[in-house]
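Encoded as structure tokens, the structure appears first; notes follow it.
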Amino acid sequence: MQIAFAASECVPFAKTGGLADVSGALPSALAAEGCEVKVFMPLYGSINTINHGLTFARELYDIPVQIGGETIYYHVWYKKNGAGVEHYFIDCPRYYHRASIYTNDGDEDKRYILLQNAVFQILQRYNWAPDILHGNDWQTALLPVYLREKYNWDSLFWKTASVLSIHNLAYQGAFSKESIYHAGLFYDKYYPMGPYEFHNAFSFLKAGLVYADAITTVSETYAHEIQTPEYGARLDGVLRMRHDDFYGILNGIDPNEWSPAADKFIPQHYGFETFADKAKNKKALLDYVGLPLRENVPVIGMISRLAAQKGLEIISQAFPELMQMPLQFVFLGTGEQKYEDFLKWAAHTYPEKVAVYLGFNNELAHLITAGSDMYLMPSRYEPCGLNQMYSLNYGTVPIVRKTGGLADTVHDYHEFNQQGNGFSFWDYTPYALFTSIQRALALFYQKDAWLEVVQRGMSEDFSWQKSARKYLEVYQRAKSKRG
Ligand code: ADP
């Protein structure tokens, strides 16, 4: 099967969150299943072409795209990875050399309109007909729309089916209706409740959800949740309408990057048989962040974008009570000011118990995952979540709110079932969070029972291969609609 996959971020080139992990790993896993995959993304100013070994594609030089009243030109860079996946980077400094990957600039819509047109134009120049065109989140959600409304004249794409994946429904790409003109589409589909209209705006994501042959999201529970008004971010109605073509597929994790036996960033490798060795990572972590090592005091780690979604509210409300317990916290994150302020306050007020690193630090993320005893993820909603899966495989017992992918991967331990691989709670309240941490702490001191929980987590299989096969099934179903 031939697959054209587009995304706004992709590991190892550019990353702000889980989408980059998926775009980095899924195409390679699909290639291992025998697919031919081309990945398309912007060449952001932060991507160093030399360090990443990219080649300038001479045959794709100075390609024009009409965006609204302007003609924009771009070049293309290229790289084939070890799994045989071909990456194409859209080079347009005027759009992509900005201080960050995403911006609030007035031309944010145009930046991704360019990317999506480039996907079609490059495929045309190579005369390469994909079976599947796979878009991800709002930045590439117009691909299904383009397939039917803009590039439908080209017989190259007549058998191509589209798939759109939602990695986080909260980000919808809503722009003024002029954006329809920028995109090269027509206003005839912009009317109340029409395909392009969404609360008096043009939403890339809504339009994509209406047009895609199949829709996926990154866990089964999130797929159910976002069809309800509570979690649906106003798109629940559209998703209910597309119910028959909507699938939840859990993300996998990359064992080359995230496994305690092979992790490049931790001082001591370990497995369940050598679990005692994990203590060396704990020592290294505490040294790194400047906390004292305390016998029998568990360290709780957290690595997160500091956004409302991630549960910082209930952590801060429960914090003074949590500080009464024998535990230490290590936080790594960056994001909204008010959460950064809370974390600074916490580290300042409890210097022996709390360490905070504000920023993006992949090496420290690995050390926290390996060196902590427990991992905290009390998200208000969580499409899939990766850190709880890493933590499970690292024997770092997760404490999570039972939502989205967290509900699908972390199974609550309690003394009556003697099963479970972590702790979870449902109510989004500081009290529920506090009680779960209390339960985890109580079990931490019952070493045998604790090790059983650890062992169950470490033996969970979150391989991408399992997920890739499910995507292939969805691709087949989408394709069968196009004959
Ligand atoms: P989201 O996509 O909502 O941010 P996920 O759990 O799906 O959440 O993915 C987050 C990814 O980003 C994980 O790989 C996590 O380790 C990483 N990450 C988040 N914040 C940081 C940070 N400050 N430093 C290093 N890695 C981070």
Side-chain angles (χ1 to χ4, degrees), residues 7-26 100-102 136-139 165-171 217-219 221-222 225-226 231 233 248-260 263-266 285 288-289 301-312 330-336 339-340 343-344 355-372 375-394 396 398-401 403-410 462 464 467:
S8 53
E9 49 183 279
C10 174
V11 159
F13 310 106
K15 167 167 169 171
T16 68
L19 168 60
D21 294 292
V22 177
S23 339
L26 175 59
S100 53
I101 291 182
Y102 304 119
N136 295 276
D137 279 350
W138 75 261
Q139 293 88 351
S165 293
I166 303 167
H167 299 263
N168 191 333
L169 192 68
Y171 304 97
T217 190
V218 290
S219 70
T221 298
Y222 191 61
E225 285 175 343
I226 59 181
Y231 288 90
I249 304 176
L250 199 69
N251 289 335
I253 62 178
D254 182 352
N256 296 321
E257 280 288 312
W258 291 96
S259 113
D263 192 313
K264 292 191 282 286
F265 298 104
I266 61 175
L285 171 65
Y288 186 101
V289 299
M302 182 161 174
I303 305 154
S304 183
R305 282 187 298 118
L306 301 177
Q309 169 199 344
K310 299 293 183 179
L312 274 301
V330 179
F331 288 100
L332 165 63
T334 171
E336 286 178 39
Y339 303 124
E340 295 203 353
L343 291 176
K344 281 186 206 157
V356 170
Y357 184 104
L358 296 176
F360 197 91
N361 184 335
N362 189 38
E363 192 176 337
L364 180 57
H366 283 257
L367 194 55
I368 291 176
T369 307
S372 304
Y375 187 84
L376 184 60
M377 209 160 166
S379 307
R380 199 166 65 75
Y381 70 90
E382 193 59 72
C384 174
L386 295 170
N387 291 95
Q388 84 282 9
M389 298 199 260
Y390 304 151
S391 297
L392 284 164
N393 280 180
Y394 278 69
T396 304
I399 302 166
V400 306
R401 179 157 177 268
T403 182
L406 299 173
D408 293 352
T409 51
V410 178
F462 296 122
W464 263 111
S467 308

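First listed ligand is number 1; within each ligand, the first listed atom is number 1. Predicted model only: the values in this text are computed from it and were never measured.
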- Message: Test side chain to side chain contact (heavy atoms under 4.5 Å, CB included) on I101 and S8; report intermediate values, then the result.
- Response: CA-CA 8 Å; I101 291 182; S8 53; 5.6 Å; no
- Message: Under the criterion side chain to side chain contact (heavy atoms under 4.5 Å, CB included), I'd like the reasoning laid out for R305 against K310: C-alpha separation, chi angles, the key distance, then a yes or no.
- Response: CA-CA 7 Å; R305 282 187 298 118; K310 299 293 183 179; 3.8 Å; yes
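Look at K264 and E257 and you find a salt bridge, because one of the NZ, NE, NH1 or NH2 atoms lies within 4.0 Å of a carboxylate O, short of that distance.
Looking only at protein heavy atoms, the nearest one to atom 2 (O) of ligand 1 is G18 N, 2.6 Å. Given atom 8 (O) of ligand 1, the protein heavy atom at minimum distance is K310 NZ, 3.2 Å. Atom 23 (N) of ligand 1 has as its closest protein heavy atom G359 O, 2.7 Å. Taking atom 19 (C) of ligand 1 as the reference point, the nearest protein heavy-atom neighbour is I303 CG2, 4.1 Å. Nearest protein heavy-atom neighbour of atom 22 (C) of ligand 1: F360 CD1, 3.5 Å. Protein heavy atom closest to atom 5 (P) of ligand 1, with residue, atom name and distance, is L386 N, 3.9 Å.
For T396 (side chain) and T369 (main-chain N/O), a donor-acceptor pair under 3.5 Å exists by modelled atom type. No donor-acceptor distance shorter than 3.5 angstrom exists from the side chain of S379 to the backbone of E382, with no hydrogens or angles considered. E225 places a side-chain N or O within donor-acceptor distance of the main-chain N or O of G404, the cut-off being under 3.5 Å.
Taking only non-hydrogen atoms, the option from E9, E382, K15 nearest to atom 12 (O) of ligand 1 is K15. Proximity annotation for atom 10 (C) of ligand 1: of L406, V218, N387, N387 comes nearest, heavy atoms only.
The atoms of ligand 1 that sit less than 4.0 Å from any heavy atom of G17 are 2 (O), 4 (O). Set against the non-hydrogen atoms of R305, the atoms of ligand 1 under 4.0 Å away are 1 (P), 3 (O), 4 (O), 20 (N). Less than 4.0 angstrom separates some heavy atom of D21 from each of these atoms of ligand 1: 11 (C), 14 (O).
When non-hydrogen atoms are compared, ligand 1 lies under 4.0 Å from the backbone of S304 (N, CA, C, O) but not from its side chain. Only backbone heavy atoms of N361 (N, CA, C or O) come within less than 4.0 Å of ligand 1; its side chain stays farther off. Proximity of H167 to ligand 1, defined as any heavy-atom pair under 4.0 Å, is not found for any part of the residue. Under 4.0 angstrom from ligand 1, there are no non-hydrogen atoms of N168.
Classification of the Y394-W258 ring pair by plane angle, with boundaries at 30° and 60°, yields perpendicular.
H167 has its side chain within reach of V22: a pair of non-hydrogen atoms, C-beta onward, lies under 4.5 Å apart. Taking the side chain as every heavy atom from C-beta outward, Y375 and V400 never approach each other to under 4.5 Å.
Y390 counts as a contact of ligand 1, since one of its heavy atoms falls under 4.0 Å from the ligand. The shortest heavy-atom distance from C384 to ligand 1 is not under 4.0 Å.
Of the inter-residue distances, the one linking N387 atom CG with L332 atom CG reads 9.0 Å to the nearest 0.5 angstrom.
With hydrogens and angles left out, the side-chain atoms of T16 and E9 include a donor and acceptor closer than 3.5 Å.
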